[in-house]
Enquirer: 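Submitted below is the structure of interest, expressed as structure tokens.
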Amino acid sequence: MKCRVRFEGCADAHPVVELPIHSNLSEHLNVQNSPLLFGCRTGICGTCIVNVEGDIPPPSSDELDTLDIVAPRDPRARLACQLDLTCDIAISPR
């Protein structure tokens, strides 16, 4: 099964990529000239913050700690490096 990830508002991006379910988005985008910026890739720097539309699992407690600093009270904000792809989503930079 695959998940479709649609990039909105990202320059030089493929508008849609298909990845196997539970894929690591940051690893895939690292290989293909990422339209998103990534820093630490462990969920602590906040460099890869994006808005996500789609029904994905909630953030881990570590991701929540970072989101509380970089995007307090924004339920659409997520760290792209921490996403668990379980369904089709749309991502846009913040």
Enquirer: Report the residues that fulfil salt bridge (Lys or Arg N to Asp or Glu O under 4.0 Å) with Asp62, sequence neighbours left out, ordered by chain and then residue number.
Expert: none
Enquirer: Counting only N and O atoms by type, is there a donor-acceptor contact under 3.5 Å from the side chain of Ser92 to the main-chain atoms of Glu8?
Expert: no
Enquirer: Scan for side-chain hydrogen bond (donor to acceptor under 3.5 Å, both in side chains) pairs involving residues 36-61, sequence neighbours excluded, and state none if there are none.
Expert: Asn30-Arg41, Asn51-Arg94, Glu53-Arg76
Enquirer: Once you round to the nearest 0.5 Å, how far does OG of Ser26 lie from CG of Leu37?
Expert: 13.0 Å
Enquirer: Which pair of heavy atoms, one from Cys81 and one from Phe38, lies closest together, and at what distance?
Expert: N-CE2, 3.7 Å
Enquirer: Consider only side-chain heavy atoms of I, L, V, M, F, W and Y, link residues closer than 4.5 Å, and tell whether Ile49 and Ile69 are in one cluster.
Expert: yes
Enquirer: Using 0.5 Å steps for rounding, measure from the OG1 atom of Thr86 to the CE atom of Met1.
Expert: 8.5 Å
Enquirer: Examine distances only and state if a side-chain atom of Glu63 and a backbone atom of Leu79 form a donor-acceptor pair shorter than 3.5 Å.
Expert: yes
Enquirer: I'd like to know if Val5 and Leu36 are part of one continuous hydrophobic network [Ile/Leu/Val/Met/Phe/Trp/Tyr, side-chain heavy atoms within less than 4.5 Å].
Expert: yes
Enquirer: Give the minimum heavy-atom separation between Gly54 and Ile89, together with the two atoms involved.
Expert: CA-CG2, 4.1 Å
Enquirer: Using every non-hydrogen atom in the two residues, find where Gln82 and Gly43 come nearest and quote the distance to one decimal.
Expert: NE2-N, 3.5 Å
Enquirer: How many angstroms lie between atom CD of Glu18 and atom CZ of Arg6, to the nearest 0.5 angstrom?
Expert: 13.0 Å
Enquirer: So which atom in Gly39 and which in Cys45 form the shortest heavy-atom distance, rounded to 0.1 Å?
Expert: CA-SG, 3.9 Å
Enquirer: When hydrophobic residues are tied together by side-chain contacts of less than 4.5 Å, even through go-betweens, does Val52 share a cluster with Val17?
Expert: yes
Enquirer: Closest heavy-atom contact between Gly9 and Pro93?
Expert: O-CG, 3.5 Å
Enquirer: Working to the nearest 0.5 angstrom, can you tell me the gap between Asp88 CG and Ile56 CD1?
Expert: 12.0 Å
Enquirer: Grouping I, L, V, M, F, W and Y whenever their side-chain heavy atoms are under 4.5 Å apart, do Phe7 and Leu83 come out in a common cluster?
Expert: yes
Enquirer: Which residues pass the side chain to side chain contact (heavy atoms under 4.5 Å, CB included) test with Pro75, not counting sequence neighbours?
Expert: none
Enquirer: Check whether Asp84 reaches the backbone of Pro57 with its side chain - one donor and one acceptor, N or O, closer than 3.5 Å.
Expert: no
Enquirer: Enter the distance from Arg78:CZ to Ile91:CD1 here, rounded to the nearest 0.5 Å.
Expert: 10.0 Å
